[in-house]
Amino acid sequence: MDYGDLMKVETTGAGQKTSKQDQLSVTGVAASDAMARTDLSRMNNYKAIITEVGQEKKIDPAIIAGIISRESRAGNALENGWGDDHKAWGLMQVDKRYHTIQGAWNSAEHLRQGTEILIGYIKEIKNKFPNWTAEQQLKGGIASYNFGTKNVQTLGGMDKGTTGDDYSSDVVARAQWYKTNGGF
């Protein structure tokens with residue numbers, strides 16, 4: 001894969017705001033793991049297209065699964081394919097205010113678009129922070145997927161201002177769980 005080793009990305013997992021979504025009594029990686037596990041049976045419905053798109057775009061499919069889990073709970077948080085007050089579309093929640101929506105909410109075309117958006121952010125972070133490791137750039141790209149490249153300023157404060165102040169840490173922890181336990 002061209003974007004660093006997912007399993008070497010440092011993560012603290014989900015914060016309290018995010019873990020409260022599932023009424024979890026834990027936070028951190030344990031909370032992210034629990035939410036990824038909750039979404040696994042639904043995620044398996046999309047495993048073939050997640051794997052196809054990941055291989056095509058040369059990015060770890062587990063990262064796509066981690067984003068899908070965080071963004072739409074593998075489709076469970078969507079209403080007719082829409083989330084975020086009808087502003088974001090599909091499993092990866094592509095924001096219609098910034099992108100022309102492509103494909104059905106649960107299609108390979110949609111995952112391709114969301115993954116291309118993510119890869120664009122990773123490349124922007126590589127340019128912005130050329131001295132960061134590939135893994136740090138990957139995490140910065142994931143944070144950017146939530147709130148834009150301009151908002152990523154430091155390694156230590158990477159998630160400050162993201163949804164729940166934990167977006168990339170939670171996505172990375174979920175993705176690592178899918179890689180280890182979900183067969184992605």
Side-chain angles (χ1 to χ4, degrees), residues 1-11 32 36 39 43 46-75 81 83-84 87-155 158-159 161-163 166-180 182-184:
M1 301 295 155
D2 291 348
Y3 305 101
D5 182 344
L6 168 65
M7 299 310 287
K8 291 181 180 175
V9 178
E10 293 181 19
T11 184
S32 296
D39 296 340
M43 193 70 69
Y46 313 111
K47 190 173 192 174
I49 61 171
I50 292 168
T51 302
E52 171 191 328
V53 171
Q55 290 173 346
E56 176 187 317
K57 299 297 177 186
K58 296 182 174 36
I59 193 164
D60 195 321
I63 296 167
I64 300 170
I67 289 174
I68 290 170
S69 177
R70 170 68 184 229
E71 289 286 346
S72 70
R73 301 308 301 268
D84 194 20
K87 289 180 248 157
W89 177 249
L91 293 169
M92 292 183 77
Q93 289 292 276
V94 173
D95 194 316
K96 71 178 184 180
R97 296 169 295 179
Y98 306 103
H99 307 280
T100 301
I101 302 302
Q102 297 175 10
W105 68 271
N106 58 353
S107 67
E109 185 179 5
H110 163 71
L111 295 186
R112 209 169 278 116
Q113 180 184 25
T115 302
E116 287 169 359
I117 292 166
L118 171 64
I119 289 169
Y121 283 130
I122 296 167
K123 289 177 178 177
E124 288 178 23
I125 291 294
K126 282 183 178 192
N127 289 332
K128 186 174 179 178
F129 300 104
N131 296 326
W132 285 9
T133 67
E135 289 73 25
Q136 292 165 336
Q137 292 166 343
L138 171 60
K139 192 173 182 187
I142 292 169
S144 298
Y145 189 85
N146 180 253
F147 76 160
T149 305
K150 71 181 185 306
N151 294 306
V152 177
Q153 299 296 326
T154 65
L155 286 172
M158 189 176 300
D159 279 330
T162 63
T163 305
D166 66 353
Y167 187 86
S168 70
S169 286
D170 181 35
V171 167
V172 165
R174 292 184 200 214
Q176 289 173 343
W177 189 89
Y178 285 120
K179 180 92 171 168
T180 303
F184 284 88

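In what follows, every heavy atom counts, from backbone to side chain, and hydrogens, waters and symmetry copies are set aside.
A side chain to side chain donor-acceptor pair (under 3.5 Å) with N146 holds for exactly one of T163, T162, D170; it is T163.
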Self-check item: CA sep, side-chain torsions, deciding dist, call: T115, M92, side-chain contact (heavy atoms from CB on, under 4.5 Å)
Solution: CA-CA 8 Å; T115 302; M92 292 183 77; 3.9 Å; yes
Exercise. Evaluate the side-chain contact (heavy atoms from CB on, under 4.5 Å) criterion for residues K126 and Y3: first the C-alpha distance (whole Å), next the side-chain angles of each, then the deciding distance (0.1 Å), finally the verdict.
Key: CA-CA 10 Å; K126 282 183 178 192; Y3 305 101; 4.2 Å; yes
Quiz prompt | R70/D166 under side-chain contact (heavy atoms from CB on, under 4.5 Å): CA gap, chis, key distance, verdict | solution = CA-CA 11 Å; R70 170 68 184 229; D166 66 353; 2.9 Å; yes
Quiz prompt | Worked verdict on I63 versus Y178 for side-chain contact (heavy atoms from CB on, under 4.5 Å) | solution = CA-CA 8 Å; I63 296 167; Y178 285 120; over 6 Å; no
Quiz item: Is there a side-chain hydrogen bond (donor to acceptor under 3.5 Å, both in side chains) between K150 and S144 once you walk through the steps?
Solution: CA-CA 8 Å; K150 71 181 185 306; S144 298; over 6 Å; no
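Heavy-atom minimum distance, I67 versus L118: CD1-CD2, 3.6 Å. Of all the heavy atoms in A143 and V152, the pair that sits closest is CB-CG2, 4.1 Å. Shown here for S32 and R174, the closest heavy-atom pair between the two residues is O-CG, 3.6 Å. Taking all atoms of both residues into account, the shortest heavy-atom contact from G4 to A134 is CA-CB, 3.8 Å. Among all heavy-atom pairs drawn from V9 and Q176, the shortest one is O-NE2, 3.0 Å. Here the closest heavy-atom approach between residue Y167 and residue I142 is recorded as CE2-O, 3.2 Å.
Shown here is K8, whose NZ atom has no more than 12 heavy atoms of other residues, nucleotides or ligands within 6.0 Å. By the 6.0 Å contact criterion, NZ on K96 is enclosed, its count of non-hydrogen atoms from other residues, nucleotides or ligands being greater than 12.
Put simply, the side chain of L91 does not reach to within 4.5 Å of the side chain of E71, judged on heavy atoms. Two residues are said to be in side-chain contact when any heavy atoms from C-beta on lie closer than 4.5 Å; M7 and T180 meet this criterion. The side-chain heavy atoms of V171 and Y145, taken from C-beta on, include no pair separated by under 4.5 Å. Side-chain contact between E116 and K57 is present, with heavy atoms from C-beta onward closer than 4.5 Å. Considering only heavy atoms from C-beta on, I68 comes within 4.5 Å of L111 through its side chain. Taking the side chain as every heavy atom from C-beta outward, I122 and I59 approach each other to under 4.5 Å. Counting heavy atoms from C-beta on, the side chains of K128 and Q153 come closer than 4.5 Å.
Taken to the nearest 0.5 Å, the CZ atom of R73 stands 9.0 Å off from the CE atom of M43. To the nearest 0.5 Å, atoms CD (Q93) and CH2 (W105) are separated by 10.5 Å. Between the CH2 atom of W132 and the CE atom of M158 there is a distance of 4.0 Å, given to the nearest 0.5 Å. We find the CD1-CD1 distance between I49 and I64 to be 9.5 Å, quoted to the nearest 0.5 Å. Expressed to the nearest 0.5 Å, how far OG1 of T11 lies from NZ of K139 amounts to 5.0 Å.
The cationic group of K47 lies under 6.0 Å from the six-membered ring centre of F184 and within 45° of the ring axis, placing it in a cation-pi geometry.
Q137 places no side-chain N or O within 3.5 Å of a backbone atom of I125 that could act as its donor or acceptor partner.
Using a 4.0 Å cut-off between charged nitrogen and carboxylate oxygen, R112 and E52 count as a salt-bridge pair.
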